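Here the structure comes first, spelled out in structure tokens, and everything after it is commentary.
Each ligand, and each atom within it, is numbered from 1 in the order the structure gives. Since we're looking at a predicted model, the values are computed, not measured.
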Amino acid sequence: MHELSIANSIINIVLDEIKTKNLGEVKAIGLKIGAISGIFPDALEFGFDAIKLETVLCKTKLEIEVIPIAGKCINCSKSFEVRELVFSCPHCQSTSIKMEQGEELDITYMEIAEELEVEDG
Ligand SMILES: [Zn+2]
């Protein structure tokens, strides 16, 4: 399952961040997924919830935002949101379109709990 390996890499990225920045408990991870990235948010969340149990992220929530598909018309240069997968420009009806948005997968934020009391020796 494609989503499982994505969930795994998200967890690894966040675990790295925790280590290098000495962060406290991560309460939530915000994620942006493009509508045509081919990732199923439900499957990704399911995979994340399964893998996190073996890590310090076992209480972390994954908050997924799906980014709509945006296109830009090469003919008239206007940008628009693509709905119902009709790939034509609503402004001039041209079908010469460059995809501008909709394929991303980004970690947008990490919500960190109150600072841990770090014992410094
Ligand atoms: Zn146009």
Side-chain angles (χ1 to χ4, degrees):
M1 194 166 84
H2 178 55
E3 283 80 3
L4 205 57
S5 63
I6 295 166
N8 203 24
S9 52
I10 291 166
I11 285 176
N12 285 334
I13 290 166
V14 174
L15 289 178
D16 268 3
E17 283 281 292
I18 292 172
K19 233 185 229 172
T20 48
K21 293 182 183 164
N22 203 16
L23 303 173
E25 184 190 327
V26 179
K27 290 162 88 178
I29 299 167
L31 200 69
K32 276 189 181 177
I33 299 176
I36 50 169
S37 61
I39 299 163
F40 293 99
D42 287 353
L44 183 56
E45 207 179 340
F46 183 82
F48 179 87
D49 285 346
I51 300 168
K52 74 177 183 184
L53 297 175
E54 294 163 25
T55 75
V56 296
L57 301 176
C58 54
K59 288 178 191 161
T60 305
K61 242 183 81 190
L62 193 62
E63 292 171 352
I64 299 172
E65 185 191 349
V66 177
I67 307 303
I69 305 165
K72 181 177 186 156
C73 178
I74 291 163
N75 192 43
C76 74
S77 300
K78 284 181 181 154
S79 295
F80 54 91
E81 185 180 322
V82 179
R83 295 170 190 270
E84 298 168 21
L85 294 181
V86 180
F87 290 93
S88 66
C89 173
H91 305 288
C92 74
Q93 278 73 52
S94 167
T95 49
S96 304
I97 291 157
K98 180 179 164 291
M99 298 313 292
E100 292 192 311
Q101 171 189 301
E103 292 179 280
E104 50 276 272
L105 173 68
D106 294 322
I107 294 175
T108 49
Y109 63 85
M110 281 166 53
E111 193 185 327
I112 311 295
E114 295 292 299
E115 271 183 51
L116 290 180
E117 282 182 41
V118 181
E119 287 179 41
D120 251 345

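- No continuous path of ILVMFWY side-chain contacts below 4.5 Å connects Ile10 to Ile67, so the two sit in separate hydrophobic clusters.
- Among residue pairs with one or both ends in residues 63-78, those qualifying as side-chain hydrogen bond (donor to acceptor under 3.5 Å, both in side chains) are Glu63-Tyr109; sequence neighbours excluded.
- When all heavy atoms of Ile69 and Ala35 are compared, the closest pair comes out as CG1-CB, 3.6 Å.
- Under the 4.5 Å side-chain heavy-atom criterion for Ile, Leu, Val, Met, Phe, Trp and Tyr, Phe48 and Leu15 are members of the same hydrophobic cluster.
- Taking 2.8 Å as the limit, the number of protein N, O or S atoms around the Zn ion (ligand 1) is 4.
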- Can Ile51 and Leu4 be said to form a side chain to side chain contact (heavy atoms under 4.5 Å, CB included), step by step? CA-CA 8 Å; Ile51 300 168; Leu4 205 57; 4.0 Å; yes
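- Interatomic distance, CG of Asp49 versus CG of Leu44, reported as 9.5 Å (0.5 Å rounding).
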